[in-house]
2 protein chains.
Amino acid sequence: MAVTDEAIEKIKGMIVSGALRPGDRLPKESELAADLGLSRNSLREAVRALSLIRILDVRQGDGTYVTSLDPQLLLEALSFVVDFHRDDTVLEFLAVRRILEPAATAMAALRISEQQLDALTAQLDRLGEDPSVEDLVACDLEFHRGIVQSSGNSVLCSLLDGLSGPTTRARIWRGLTQEDAVGRTLREHRAILAALRDRDAEAARSWATVHIASVEQWLRSTL
Amino acid sequence: MAVTDEAIEKIKGMIVSGALRPGDRLPKESELAADLGLSRNSLREAVRALSLIRILDVRQGDGTYVTSLDPQLLLEALSFVVDFHRDDTVLEFLAVRRILEPAATAMAALRISEQQLDALTAQLDRLGEDPSVEDLVACDLEFHRGIVQSSGNSVLCSLLDGLSGPTTRARIWRGLTQEDAVGRTLREHRAILAALRDRDAEAARSWATVHIASVEQWLRSTL
DNA sequence: GTCGCTTAAGACCTCCGACGTATCAGGTCA
DNA sequence: TGACCTGATACGTCGGAGGTCTTAAGCGAC
């Protein structure tokens with residue numbers, strides 16, 4: 001195994017074992033390199049790799065720190081990876097989202113606060129009746145994120161955030177080409193919101209399923 | 001932005017835009033560094049980072065290649081990230097798994113082949129009636145992986161694979177401390193398998209839910 | 001002619017040392 | 001007291017020198 005890979009494993013080990021805790025500062029590059037028995041250049045490769053996936057936070061002129069390691073932060077790296085997906089796998093991503101999103105929406109129905117409900121309502125009102133497709137999709141992302149955050153599960157939230165990216169393009173494409181896709185999306189958003197206000201988890205789940213399934217169905221028939 | 005980060009973005013751009021396709025070979029380090037306008041050392045940091053998340057495959061003595069970019073491969077990196085989770089987030093991971101796994105099991109009920117059913121049965125038979133906790137958990141992972149693979153969704157499969165890691169420790173702990181956890185797990189596995197054989201998606205879904213919920217409940221009462 | 005070994009070229013691996021740049025703390029001066 | 005300056009510290013970048021591994025061409029024995 002290459003020395004850099006060993007260094008990655010060793011740093012990982014230090015964090016997992018608790019020798020390094022969230023927020024801790026690492027020894028300076030030259031010292032850590034000496035400790036781990038490799039050159040500063042090779043160590044930097046290891047640190048850079050861990051910093052790409054948000055394990056480490058490198059601040060020039062200051063030092064290198066362990067991040068908070070929050071699931072939210074760590075899964076942010078997921079979206080970077082997901083950007084590389086190929087178009088022929090959009091359906092698989094969408095299928096997973098179709099499983100998670102209704103579940104998250106149902107969970108949110110039991111926990112969402114009145115303030116959050118009001119905020120979602122205001123957001124939909126702001127969009128108006130006839131928005132541009134780009135505005136709609138941006139608003140769509142925001143709407144669903146707001147709901148999923150109310151599920152109270154940050155892992156679920158980050159995961160859905162990461163998975164939503166790839167399907168965005170598909171949604172824009174649909175909005176541009178399918179008759180009444182915009183109006184349908186708006187109506188479904190209102191329905192989901194109404195179900196949340198009623199604290200009706202099953203209705204919320206069903207509307208979320210319908211909402212995503214409509215995109216999925218269109219995509220399947222188009223490909 | 002640092003030159004290395006720029007290089008990461010540029011290489012990512014080359015792949016996403018299609019200039020570099022899966023399996024393609026990158027120019028050699030010295031050439032690519034010159035093309036991107038940075039030193040070989042800095043470029044190596046970028047390449048190393050992308051190789052950690054399985055975007056690039058570096059082969060000493062040969063060259064650097066773009067990987068297949070399969071969801072399965074890309075999400076493998078997820079397990080690396082998930083290893084850093086802290087124990088207090090196990091419940092959140094488990095909650096997500098509780099959503100995904102029953103859905104995947106239900107999907108598998110409609111698609112799993114007779115050969116795969118036989119393989120799963122043989123696997124359970126091999127384990128016997130009174131296995132060690134470690135053997136049981138290893139077998140548990142294998143069992144669920146086999147089922148999820150039959151769901152036919154590789155994104156779902158890889159995601160669950162990544163999420164199952166963190167909960168493994170918890171399952172071992174439970175097996176060692178809770179009365180009859182081993183026997184209960186074995187019975188539930190048999191029940192899931194029977195539902196799959198019957199092509200009964202709803203029964204399969206329910207048994208999978210029960211199976212995971214029992215771990216979740218125990219963990220919640222223990223913490 | 002085919003198989004197996006040798007050899008050389010190509011590409012990545014590791015290291016060193018030097019200099020550039022950003023941050024922060026402490027001191028200085030109005 | 002507060003703004004500014006300055007030095008120490010740590011990360012950022014670079015160029016070059018060997019080292020190691022993979023591959024394939026070359027070559028001899030069977």
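All heavy atoms count here, side chains included; hydrogens, waters and symmetry mates do not. Here is the naming used below: chain letters follow the sequence lines, and residue numbers restart at 1 for every chain.
Rounded to whole Å, the distance from CG on A:Leu26 to C1' on D:dT9 is 16 Å. Rounded to whole angstrom, the span from the CE atom of B:Met1 across to the P atom of C:dT21 amounts to 19 Å. We find that CG of A:Asp57 is positioned 10 Å from P of D:dG12, with the value rounded to whole Å. Atom-to-atom, CD of A:Glu45 to C1' of D:dC11 comes out at 16 Å; the value is rounded to the nearest Å. Taking atom CG on A:Asn41 and atom C1' on D:dG16, their separation rounds to 12 Å, with Å as the unit. The CD1 atom of A:Ile8 sits 12 Å away from the P atom of C:dC13 (whole-angstrom rounding). Atom C1' of nucleotide D:dC11 and atom OH of A:Tyr65 are separated by 11 Å, given to the nearest angstrom.
At a cut-off of 3.5 angstrom, counting only N and O atoms as typed in the model, there is no donor on one side facing an acceptor on the other between the side-chain of B:Arg25 and the base of D:dT23.
Closest to the side chain of A:Val58, from the set C:dC12, D:dC11, D:dT13, is D:dC11.
For B:Val3 and A:Glu31, each mapped to the nucleotide of DNA chain D holding its nearest heavy atom, the one lying further toward the 5' end belongs to A:Glu31. Two residues, A:Leu43 and B:Glu29, neighbour DNA chain C, and the one matched to the more 5' nucleotide by heavy-atom proximity is B:Glu29. Each of A:Arg40 and B:Arg40 was assigned the nucleotide of DNA chain D with the nearest heavy atom; the assignment lying further toward the 5' end belongs to A:Arg40.
Between B:Arg44 and C:dC13, a side-chain N or O to OP1/OP2 separation shorter than 4.0 Å is present. Distances shorter than 4.0 Å separate some side-chain N or O of A:Ser42 from OP1 or OP2 on C:dC15. In this structure, B:Ser30 does not reach the C:dA11 phosphate: none of its side-chain N or O atoms is under 4.0 Å from OP1 or OP2. For D:dA10, the OP1/OP2 oxygens have no side-chain nitrogen or oxygen of A:Thr64 closer than 4.0 Å.
Judged by distance alone, with hydrogens and angles left aside, the side-chain atoms of A:Arg25 form a donor-acceptor pair with the main-chain N or O of A:Asp62 at under 3.5 Å.
The shortest side-chain heavy-atom distance between B:Asp118 and B:Arg197 falls under the 4.5 Å cut-off. At least one side-chain heavy atom of B:Ile8 sits less than 4.5 Å from a side-chain heavy atom of A:Phe80.
Salt bridge A:Arg145/A:Glu142: present, at least one basic N to carboxylate O contact under 4.0 Å. We find that B:Arg48 and A:Asp5 are joined by a salt bridge, their nearest charged nitrogen and carboxylate oxygen being less than 4.0 Å apart.
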Shorter than 3.5 Å, N or O on both sides, protein versus nucleotides 22-25 of chain C: list them out with atom names.
from: C:dA22; atom 1: O4'; to: A:Gln60; atom 2: NE2; distance (Å): 3.3

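Residue A:Ala19 comes nearest to A:Asp24 through the heavy atom pair O-OD2, 4.2 Å, listed as atom of the first residue, atom of the second, then distance.
Using cut-offs of 30° and 60° on the angle between ring planes, the pair A:His189 and A:His144 is perpendicular.
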